[in-house]
Every structure is written in C-alpha cells, then in structure tokens.
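Here the structure is laid out as structure tokens; the discussion comes afterwards.
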Number of protein chains: 2
Amino acid sequence: MTLKMTLDDQLCFSIYSASHAIARMYRPLLDPMGLTYPQYLVLLALWERDGRRVRELGADLLLDSNTLTPLLKRMQAADLVARTRNPEDERSVLVSLTEKGHALRAQAEDMAPCVAKAMGDDMEELAELRDRLHRLRARLDGADQPA
Amino acid sequence: MTLKMTLDDQLCFSIYSASHAIARMYRPLLDPMGLTYPQYLVLLALWERDGRRVRELGADLLLDSNTLTPLLKRMQAADLVARTRNPEDERSVLVSLTEKGHALRAQAEDMAPCVAKAMGDDMEELAELRDRLHRLRARLDGADQPA
DNA sequence: TCATATTAAATCGCACACGATCTAATCGCA
DNA sequence: TGCGATTAGATCGTGTGCGATTTAATATGA
C-alpha cells in the first residue's frame with residue numbers, strides 16, 4: 001500500500017485542507033467575539049492554565065515568540081490578555097487573562113453545538129480522529145527533536 | 001462522550017498542530033528545490049493535470065484567487081509555471097508547467113522514503129487517517145455549501 | 001443591439017507562521 | 001567578582017490565507 005503522488009491520495013493535503021476547512025468553519029462563530037482562530041487557541045490554553053510565560057504558551061501551542069509576540073500584542077490591544085514582565089525573571093513575560101478574556105469562555109462554550117453539527121455529531125469518530133492526529137504529530141515532532 | 005474545552009481534547013487543535021508539523025517536516029525537503037509547501041501542493045495538482053485555469057486549480061486546492069494569484073506569480077518568477085490568458089475566454093488564465101516545473105516531479109518523488117520515515121511507515125494507518133480527514137472536510141464543506 | 005448581470009482574476013489590507021537576527025537579562029564558572 | 005554562554009522575547013522579512021473590493025471580459029435579455 002503506497003500513497004500515490006496525487007492531491008487526493010496525499011495525507012499531507014488532506015490535513016492541509018481539513019485544517020483550513022476547520023478555520024473557515026470557526027470564523028463566523030469567532031468573529032462576533034472579535035477573535036481569530038489562533039487567538040481562540042491561545043485562550044483555550046489560558047483558560048486551562050492562566051498566567052503563563054510566553055515560552056510555556058508556545059510549548060503548548062507549538063509556536064515560537066516570532067508568532068506569539070505580535071499575536072499576544074493584538075490580544076492585549078483587544079483587552080483579552082495582559083502582558084507583564086516576570087518580577088522573578090525579567091527576561092520572561094507573563095501572559096494572563098483579563099476580565100474580558102475570562103468572560104469569553106462562556107460564550108465560547110456556546111459554540112459547541114454548532115461545531116458538533118458542522119463536524120458531524122459522531123463524537124466517537126471525532127475523538128478517534130483526534131487521537132490518530134495526536135499520534136502523527138508526536139511521530140513528526142519526535143523524529144526531528146528526540147528530546 | 002464529549003470533547004472538553006482543553007487544547008489537547010480539541011480536535012481543532014490536533015488538526016491545526018498536525019498541519020503545521022507536516023509543513024515543518026516538508027520544509028527542509030522542499031527548500032533545496034526552492035519550493036514552499038503550498039507551492040508543492042500546486043505542483044501536485046498540476047502534475048496530475050496540466051494547463052488548468054486558476055479557478056480549477058483553486059477548486060482542487062480549496063483556495064481562491066486572492067491566495068493563488070500572488071502564489072502563482074512567485075512560481076512564475078521562479079520559472080516553475082507559465083501563466084497565459086486563455087484565448088477562448090480572456091477572463092481566465094491558464095497555468096501550465098514549465099520544463100523546470102515538470103522536472104521537479106522526479107525529485108519530489110524521491111522525498112517519499114523520507115516522508116514515510118517521518119510519518120511512520122504504517123501505510124494502512126496513514127491511509128485510514130487520510131480517509132477520515134477527507135470525510136471530515138467533506139462534512140465541513142457540505143454544511144456551508146450543500147452544492 | 002446594447003445596457004445589465006455575471007464571471008474570472010487581480011488587488012488591497014490584515015493576521016498569522018517561521019527562519020534569521022537582535023537585545024536584554026540571567027547563569028556559570030574560572 | 002566578572003565575563004562569556006545561555007536564555008527569553010522582540011524584531012524583521014517573506015510567504016501564505018482570506019474577506020472585501022476592483023477591473024476586465026463574457027453572457028443575457030428587453
């Protein structure tokens with residue numbers, strides 16, 4: 001069994017296009033909250049654990065400061081997060097949720113039925129897909145950085 | 001079975017991060033060919049069927065002209081494709097492979113072992129994942145555009 | 001036939017991603 | 001103690017994605 005060199009046969013394209021399709025699906029849901037899709041992912045990470053350093057956020061999201069710094073500055077400008085120098089170590093910056101950032105969580109939870117409807121409501125299938133993708137990413141990251 | 005509001009539990013994040021991980025994996029392979037990852041996908045589409053209109057390419061890749069036009073212009077500047085007005089309908093532009101664009105196919109095929117190694121060589125698993133993603137994307141696209 | 005609607009690309013503006021580089025703070029060790 | 005190495009963010013440049021608009025060409029119907 002080999003994958004042919006055609007778009008439809010390539011796993012890489014199925015991930016690429018599914019990823020964009022998901023972002024497109026989320027956009028109209030996030031727009032009313034003034035959020036972009038990556039900003040929503042940052043909030044997911046912060047709702048889980050608040051007051052993180054940029055680097056820790058980046059480890060969760062697999063993003064570096066060159067992406068996160070401008071993104072977080074926009075979120076700061078939108079009053080979603082606060083960025084403060086870490087008194088313990090002035091090199092690092094602590095990112096924490098504002099009232100508004102906290103408050104959006106309830107609204108975000110309301111998206112769930114809509115998201116489930118768009119993706120299909122077979123939660124078993126979606127969880128299975130999530131786990132397979134998780135394993136693939138682990139293999140990809142593990143290959144280059146066996147740390 | 002529900003997905004919790006945490007990064008790791010969200011299907012959306014597993015796709016997002018896997019998608020970027022794949023692009024990162026391809027980068028060092030494509031760099032020597034002077035290709036970006038989206039440019040490689042365009043070539044995949046053209047190797048399959050050459051001389052397409054921008055709109056047709058966009059239908060395959062799920063991209064609009066606002067993304068494709070600049071991308072194709074860069075590929076034209078790199079002598080990978082030619083862009084010519086369609087004599088049958090001057091509104092449309094035909095995109096066709098140059099010699100160089102054709103020639104890269106052989107080189108691209110040589111990436112396969114490396115890609116398989118990075119993703120894991122369980123082709124059954126990868127094909128299964130591809131099909132599940134394909135079905136998800138079809139559901140997502142079908143929800144908004146039932147055409 | 002000719003104005004209007006439709007269609008295909010192109011253009012514009014903004015927000016990611018990311019390689020490469022820079023700056024500032026802390027660490028480590030002679 | 002003090003200086004080179006390390007570390008954390010920030011900055012810069014390039015290349016996507018995509019909503020919104022514009023331009024040019026073709027189709028359509030009174």
Side-chain angles (χ1 to χ4, degrees), chain A residues 13 16-28 30-32 34-42 52-59 61-78 80-81 83-95 141 144-145, chain B residues 13 16-28 30-32 34-42 52-59 61-78 80-81 83-95 141 144-145:
Chain A
F13 177 66
Y16 169 89
S17 60
S19 173
H20 290 319
I22 286 192
R24 277 195 292 274
M25 182 270 288
Y26 268 101
R27 194 183 312 276
L30 293 171
D31 245 16
L35 290 176
T36 66
Y37 182 60
Q39 287 171 9
Y40 168 62
L41 296 179
V42 168
R52 333 276 308 279
R53 296 184 312 159
V54 171
R55 183 146 259 262
E56 294 172 307
L57 268 182
L61 295 163
L62 300 180
L63 293 174
D64 207 346
S65 69
N66 48 8
T67 298
L68 277 177
T69 295
L71 197 165
L72 291 170
K73 280 186 174 180
R74 282 186 287 270
M75 293 181 75
Q76 182 180 33
L80 295 166
V81 301
R83 294 161 62 250
T84 53
R85 283 283 159 193
N86 184 354
E88 316 267 310
D89 181 344
E90 293 272 333
R91 283 175 302 184
S92 57
V93 165
L94 297 177
V95 183
D141 287 349
D144 273 356
Q145 302 130 16
Chain B
F13 177 66
Y16 169 88
S17 60
S19 174
H20 289 320
I22 287 192
R24 277 196 291 272
M25 182 269 290
Y26 269 102
R27 194 182 312 275
L30 294 171
D31 246 15
L35 290 176
T36 66
Y37 182 60
Q39 287 170 9
Y40 167 62
L41 295 179
V42 167
R52 333 277 306 281
R53 297 184 310 159
V54 171
R55 184 146 258 264
E56 292 171 308
L57 267 181
L61 296 163
L62 300 180
L63 293 174
D64 208 345
S65 69
N66 49 8
T67 296
L68 277 176
T69 296
L71 198 163
L72 292 170
K73 281 187 172 179
R74 283 187 286 271
M75 294 181 74
Q76 182 180 33
L80 295 167
V81 301
R83 293 162 62 250
T84 52
R85 282 282 159 194
N86 183 355
E88 316 267 310
D89 181 345
E90 293 272 335
R91 282 175 302 183
S92 57
V93 165
L94 297 176
V95 182
D141 287 348
D144 273 356
Q145 302 128 17

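Naming convention: chains lettered A, B, ... in sequence-line order (proteins, then strands); numbering from 1 in each chain.
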Just verifying a value: how many Å separate A:Leu61 CG and A:Glu56 CD, rounded to the nearest 0.5 Å?
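Spacing of CG (A:Leu61) from CD (A:Glu56) equals 12.0 Å.
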Counting only side-chain heavy atoms from C-beta out, which of [options] sits nearest to [X]?
| X | options | answer |
| --- | --- | --- |
| A:Thr36 | D:dT16, D:dT6, C:dA15 | C:dA15 |
| B:Gln39 | D:dG17, D:dT16, C:dA9 | D:dT16 |
| A:Glu90 | D:dT16, C:dA25, D:dA10 | C:dA25 |
| B:Lys73 | C:dT26, C:dA10, D:dG17 | C:dA10 |
| A:Arg83 | D:dA10, C:dA9, D:dG9 | D:dA10 |

Using whole Å, report how far [atom1] of [X] lies from [atom2] of [N].
| X | N | atom1 | atom2 | answer |
| --- | --- | --- | --- | --- |
| B:Asn86 | C:dA9 | CG | P | 9 Å |
| A:Tyr40 | C:dA15 | OH | C1' | 19 Å |
| B:Arg91 | D:dA27 | CZ | C1' | 7 Å |
| A:Arg53 | D:dT7 | CZ | C1' | 9 Å |

Taking only nitrogen or oxygen atoms into account, show me every contact under 3.5 Å that the protein makes with nucleotides 18-20 of chain D, one pair per line with its distance.
unit_1 : atom_1 : unit_2  : atom_2 : d
D:dC18 : OP1    : A:Arg24 : NH1    : 3.0
D:dC18 : OP2    : A:Arg24 : NH1    : 3.2
D:dC18 : N4     : B:Asn66 : O      : 3.4
D:dG19 : N7     : B:Asn66 : ND2    : 2.6
D:dG19 : O6     : B:Asn66 : ND2    : 2.9

First of A:Val54 and A:Tyr16 reached from the 5' end of DNA chain D, by closest nucleotide
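Its nucleotide being nearer the 5' end, the pick is A:Val54.
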Please tell me which of A:Arg74 and A:Pro87 maps to the more 5' nucleotide of DNA chain C, matching each residue to the nucleotide holding its nearest heavy atom.
A:Arg74
Might you point out which heavy atoms bring A:Pro28 and A:Met25 nearest each other, and give the distance in Å?
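In terms of heavy atoms, the two residues are closest at CD-O, 3.4 Å.
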Which atom of A:Gln76 lies closest to which atom of A:Arg83, heavy atoms considered
OE1-NH1, 2.9 Å
Could you identify the nucleotide paired to C:dC18, looking across every strand shown and requiring Watson-Crick or G-U wobble geometry with both distances under 3.5 Å?
D:dG13
From the list A:Leu41, A:Val42, A:Leu80, side-chain contact (heavy atoms from CB on, under 4.5 Å) with A:Leu35 holds only for A:Leu80
Check whether A:Asn86 reaches the backbone of A:Glu88 with its side chain - one donor and one acceptor, N or O, closer than 3.5 Å.
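Present.
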